[in-house]
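Data block below; observations after.
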Amino acid sequence: MNTNNSNLRSLAQKRKLAIGTGVSMEPLRDDPSYQQVLMREYNIVTPTYIMKFEALQPQRHHYNFEAADNFVAIAKANQMQVRGHNLVWHHSVPWWLTHEQWTPEELIHILRQHIHTVVGHYRGQLAAWDVVNEAVADQDSAGQRKRDTIWLRGIGPEYVELAFRWAHEADPTVPLFYNDYGGEGLGAKSDAIYAMVKELRQRDVPIHGIGFQMHVSIQNPPKPEDIAANMKRLGELGLQVQVTEMDVKIHDGSGTPEERVAAQTQVYRDILQVCLEAPNCTAFLTWEFADHHSWIPDFFGKPDSPLPFDESYHPKAAYHAMVEVLKIDS
Ligand code: XIL
């Protein structure tokens, strides 16, 4: 049983770190055990779906804020911050948008209106917005090549800058993030993200932070020293970094079950430690917190146990390692 002073939330608060998780509406609404662990352990939450484009504007000009408003109200009632996620992505784009041919001017109008409406609706209520999600190509080795998406094809590479400017127009107070995976350590994609956001900053684009999704595996996780170096160079651009969606796949690679658990535990320990040691790492979130709610098995098509709690909401070794890391120097 977690006493008041040995859960993630109270320990992280002492370290002035926001610690949280991605949250889905169904268990938040229907599962008392989920609610109990969530409120006890976390102080910042990100909706995993209900603030995405197709959820908020399922038909053109028809916005559906009910679920997201309920989410924000529950978080506020439990003194939790909310990360908005996300305004521009190549997934969760509504059918009405993807099944029409738009001129660049029309698509610019659609995206500007969506961002102004949504960010304006939550003005002053959120701790962050993931404005643009996953805009950099995976295999990038040529500078800043962007992912081939409806937004790149329909508007051009300037859609990233435009999205940040529109979000800032709608709410000048909310920190605006670029969020991505696969660029947390050092390497071609990390360098491409760095080059893109450095150029945005040089053009005074209102971007305030970078989200490291941190969807990793026990097989070849990013090196802690590389993550620290990446956080440092982004800090030198004046940017915050947040670990926004961490999970650690355990069924890749080799090893006995015990060896896999030990490796997963070490990855959680290492990355939380890196965040605590980086002055510009301001939040640490997993993407859900109990294994049976993880997106990983569906997305990769095979079972996995990537999160700090098991399917009965019992804390795993990864959870205990995170508690121990938070206790050091506190
Ligand atoms: C995932 C959600 O967890 C799923 O429920 C949904 O079906 C698809 O999106 N990177 C992101 C998240 O930024 O929005 C994705 O979340 C996981 C990958």
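Any value given below was found using the heavy atoms of this structure, including those in side chains, with hydrogens, waters and symmetry copies removed. Indexing begins at 1, ligand by ligand and atom by atom, following the structure's order.
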Which of the atoms of ligand 1 are close to Asn133, meaning less than 4.0 Å from one of its heavy atoms? 11 (C), 13 (O)
Does the ring of Tyr181 carry Lys189 above it, NZ/CZ under 6.0 angstrom from centre and within 45° of its axis? yes
Correct closest heavy-atom pair for Pro206 and Leu176 would be O-CD1, 3.3 Å
Examine Lys249 relative to Phe300 and say whether NZ or CZ is less than 6.0 Å from the centre of the six-membered ring and inside a 45° cone about the ring axis. yes
Can you find a protein heavy atom under 4.0 Å from atom 5 (O) of ligand 1? no
Would you call His91 a ligand 1 contact, heavy-atom distance under 4.0 Å? no
Run the contact test for Trp89 against ligand 1 with a 4.0 Å cut-off on heavy atoms, strictly below, and give the result. yes
Any donor-acceptor pair under 3.5 Å linking the side-chain atoms of Gln35 with those of Asn78? no
Just need the protein heavy atom nearest to atom 11 (C) of ligand 1, so name the residue and atom and give the distance. Glu245 OE1, 3.1 Å
Check for me whether Trp287 has a heavy atom closer than 4.0 Å to any atom of ligand 1. yes
Tell me whether the NZ or CZ atom of Arg83 lies within the 45° cone about the ring axis of Phe177 and under 6.0 Å from its centre. yes
Closest approach of any protein heavy atom to atom 1 (C) of ligand 1, naming residue and atom: Lys52 NZ, 3.6 Å
